[in-house]
J.: 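Below is one structure. I have some questions about it.
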Number of protein chains: 2
Amino acid sequence: MPTTGFEFLPTLRELVRTYQAFDAFSSAHIRRLGLTSPQFDVIATLGNTQGMSCRDIGQKTLMVKGTLTGVLDRLEQKGLISRISHPTDGRSTLVRLSPAGEDLFVRVFSAHLTHLEPVFAQLGPGPLETLRQHLELLRHSLEKQSAPPSD
Amino acid sequence: MPTTGFEFLPTLRELVRTYQAFDAFSSAHIRRLGLTSPQFDVIATLGNTQGMSCRDIGQKTLMVKGTLTGVLDRLEQKGLISRISHPTDGRSTLVRLSPAGEDLFVRVFSAHLTHLEPVFAQLGPGPLETLRQHLELLRHSLEKQSAPPSD
DNA sequence: ACTATATTGTACGCATTCGTACTAAATACG
DNA sequence: CGTATTTAGTACGAATGCGTACAATATAGT
């Protein structure tokens with residue numbers, strides 16, 4: 001017999017609530033380290049690289065370029081990154097960590113993962129992997145239905 | 001033998017990516033209906049009620065009160081809600097849908113769920129429920145580690 | 001009754017986020 | 001060679017989102 005539809009609502013709600021709980025937990029720690037979440041995202045992305053274009057950073061962090069400009073402005077103002085003109089492509093800018101940014105990256109990155117680790121460890125290896133697989137399924141289903149992004 | 005730690009990273013990344021994919025998919029549809037996501041959230045929360053306080057709306061929508069004030073301002077400006085003084089508690093405000101807000105709720109709410117349904121249907125009932133349970137586990141683990149919210 | 005405390009909502013500043021428009025530079029095409 | 005299109009980044013406005021401070025009201029403790 002067919003059901004009423006909308007049986008997915010509890011799962012939808014749980015996805016939203018869980019993500020928001022994760023985001024609150026993660027952001028609170030990052031903020032105590034003196035950064036915002038997007039700023040941490042950029043620092044973590046640039047860590048252990050020789051610099052990247054805004055386009056590459058945007059693809060890694062899922063920020064659109066308009067958003068990225070402001071985040072990079074504030075990181076540059078704090079002296080954590082520097083913008084250099086690209087050697088071969090005159091349209092592009094190379095963004096790298098400054099020495100102070102490198103220092104911060106080393107201090108903060110593993111500290112943050114260590115902060116998160118025990119939370120996920122509660123699940124155990126099996127459920128952790130099952131959760132990842134189901135999330136991946138859902139994401140692929142979402143991406144199949146979506147229009148390609150404009151960036 | 002102990003592992004290197006940080007085996008949770010793929011699951012963490014998948015949680016973030018999947019939520020962002022869901023949010024993009026959902027927001028795009030809501031925007032086509034003339035609302036923002038938080039505005040839709042409030043309209044959906046107030047639908048089929050006789051009005052709620054800002055505090056109640058905040059608990060349902062997971063918005064802090066400072067954010068809610070601005071969202072309600074814009075909904076009031078569009079004529080979709082009205083703010084009435086609370087009969088018994090002078091500190092509180094009763095927020096209700098206006099007739100136009102009721103109309104919008106009826107038109108938009110089920111349309112949005114119908115838009116989302118096929119995406120989640122891809123998973124099938126079993127994985128859908130497993131996913132919900134694992135997300136719930138993770139959320140409870142997060143909430144155990146978090147400080148209680150300031151609101 | 002009186003005072004200390006807690007609760008409700010608003011005001012404000014800072015940072016993000018997206019969409020759109022714009023400039024500059026590189027590439028494709030005729 | 002010259003123009004059209006594409007690409008990279010910035011500029012700007014509207015709308016969240018959070019933290020803090022604040023005014024008005026309610027409640028608790030004495």
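Lettering follows sequence order; numbering is per chain, from 1.
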J.: For a quick test of reading the model: is some side-chain N or O of B:Arg91 closer than 4.0 Å to OP1 or OP2 of C:dA6?
T.: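 No.
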
J.: Hey, quick one: are B:Val71 and B:Leu94 part of the same hydrophobic cluster, counting side-chain heavy atoms closer than 4.5 Å, chains of contacts allowed?
T.: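 Result: no, two separate clusters.
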
J.: For residues A:Phe22 and A:Leu116, determine if any side-chain heavy atom of one lies less than 4.5 Å from a side-chain heavy atom of the other.
T.: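 Of all side-chain heavy-atom pairs linking A:Leu116 with A:Phe22, at least one is under 4.5 Å.
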
J.: Nearest to the side chain of A:Arg74 - D:dA8, C:dT8, C:dT16?
T.: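 That would be C:dT16.
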
J.: Need one value for A:Gly90: base, sugar-phosphate or nothing, where a base atom within 4.0 Å counts as base even if backbone is also close, heavy atoms only.
T.: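 Contact class for A:Gly90: sugar-phosphate only.
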
J.: In whole angstrom, what separates B:Asp41's CG from D:dA15's P?
T.: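 From B:Asp41 CG to D:dA15 P: 17 Å.
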
J.: What contact category does B:Thr88 fall into here, base, sugar-phosphate, or nothing, at under 4.0 angstrom with non-hydrogen atoms?
T.: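 It contacts sugar-phosphate atoms only.
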
J.: Whole Å only: how far is the CD1 atom of B:Ile30 from the P atom of C:dG19?
T.: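 In whole Å, C:dG19 P and B:Ile30 CD1 are 14 Å from each other.
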
J.: Could you go step by step and tell me if B:Leu15 and A:Leu15 meet the side-chain contact (heavy atoms from CB on, under 4.5 Å) rule?
T.: CA-CA 9 Å; B:Leu15 173 64; A:Leu15 173 65; 4.3 Å; yes

J.: Any side-chain N or O of A:Gln20 under 4.0 Å from OP1/OP2 of D:dG17?
T.: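 Result: no.
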
J.: Tell me if the NZ atom of A:Lys78 is crowded by more than 12 foreign heavy atoms within 6.0 Å.
T.: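 Enclosed.
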
J.: Of the candidate nucleotides D:dG9, C:dT8, D:dC18, which contains the atom at the shortest distance from the side chain of A:Cys54?
T.: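 Minimum distance to the A:Cys54 side chain belongs to D:dG9.
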
J.: Under a 3.5 Å threshold, yes or no: a donor from one side chain and an acceptor from the other, between A:Ser26 and A:His115?
T.: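 The criterion, which ignores hydrogens and geometry beyond distance, is not satisfied for A:His115 and A:Ser26.
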
J.: For A:Ser53, report the nucleic acid contact type (base, sugar-phosphate, nothing); a contact means any heavy atom under 4.0 Å.
T.: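 A:Ser53: backbone/sugar contact only, no base atoms under 4.0 Å.
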
J.: By nearest nucleotide on DNA chain C, pick out whichever of B:Met52 and A:Asp89 is the more 5' one.
T.: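 Nearest nucleotide further toward 5': that of B:Met52.
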
J.: Report yes if at least one side-chain N or O of A:Thr36 is closer than 4.0 Å to OP1 or OP2 of C:dT16; otherwise report no.
T.: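 Yes, A:Thr36 has a side-chain N/O under 4.0 Å of OP1/OP2 on C:dT16.
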
J.: For the side chain of B:Val71, counting heavy atoms from C-beta on, which of D:dC18, C:dT17, D:dT16 is nearest?
T.: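 For B:Val71, the side-chain atoms sit closest to D:dT16.
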
J.: So what does A:Arg31 hit on the nucleic acid, given a heavy-atom distance under 4.0 Å: a base, only sugar-phosphate, or nothing?
T.: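 Nothing, no nucleic acid heavy atom in range.
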
J.: Rounded off to whole Å, could you give me the CD-to-P distance for the A:Gln77 and C:dC14 pair?
T.: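 From A:Gln77 CD to C:dC14 P: 11 Å.
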
J.: What's the CG-C1' distance between B:Leu35 and C:dC18, to the nearest Å?
T.: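 That distance rounds to 16 Å.
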
J.: Atom CG of B:Leu68 to atom C1' of C:dG9: distance rounded to whole Å?
T.: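 The answer, rounded to whole Å, is 9 Å.
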
J.: Is any NZ, NE, NH1 or NH2 atom of the basic residue among A:Arg17 and A:Glu14 found under 4.0 Å from an Asp or Glu carboxylate oxygen of the other?
T.: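 Looking at A:Glu14 together with A:Arg17, the answer is no, because their closest N to O distance does not fall below 4.0 Å.
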
J.: For the side chain of A:Pro38, counting heavy atoms from C-beta on, which of C:dT10, C:dT17, D:dG9 is nearest?
T.: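 When the side chain of A:Pro38 is considered, C:dT17 is the closest of C:dT10, C:dT17, D:dG9.
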
J.: Of B:Leu62 and A:Thr93, whose closest DNA chain D nucleotide lies nearer the 5' terminus?
T.: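 The residue whose closest nucleotide sits nearer the 5' end is A:Thr93.
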
J.: Just call it for B:Thr69: base, sugar-phosphate, or nothing, with non-hydrogen atoms closer than 4.0 Å on any strand.
T.: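 Touches a base.
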
J.: Give the rounded distance in Å between these two atoms: CG of A:Leu94 and C1' of C:dA25.
T.: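 Distance check: A:Leu94 CG to C:dA25 C1' gives 17 Å.
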
J.: Please classify the nucleic acid contact of A:Arg83 as base, sugar-phosphate, or nothing, using heavy-atom distances under 4.0 Å.
T.: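 If one applies the 4.0 Å heavy-atom cut-off, A:Arg83 turns out to touch the sugar-phosphate alone, with no base involved.
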
J.: Using whole Å, report how far CD of B:Gln39 lies from P of D:dT16.
T.: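 Distance check: B:Gln39 CD to D:dT16 P gives 5 Å.
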
J.: Considering just the side-chain nitrogens and oxygens of B:Thr67, establish if one lies under 4.0 Å of OP1 or OP2 belonging to D:dG17.
T.: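 For D:dG17, neither OP1 nor OP2 has a side-chain N or O of B:Thr67 closer than 4.0 Å.
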
J.: Expressed as a whole number of angstroms, how long is the span from A:Lys65:NZ to C:dT20:P?
T.: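 My rounded result for the distance is 13 Å.
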
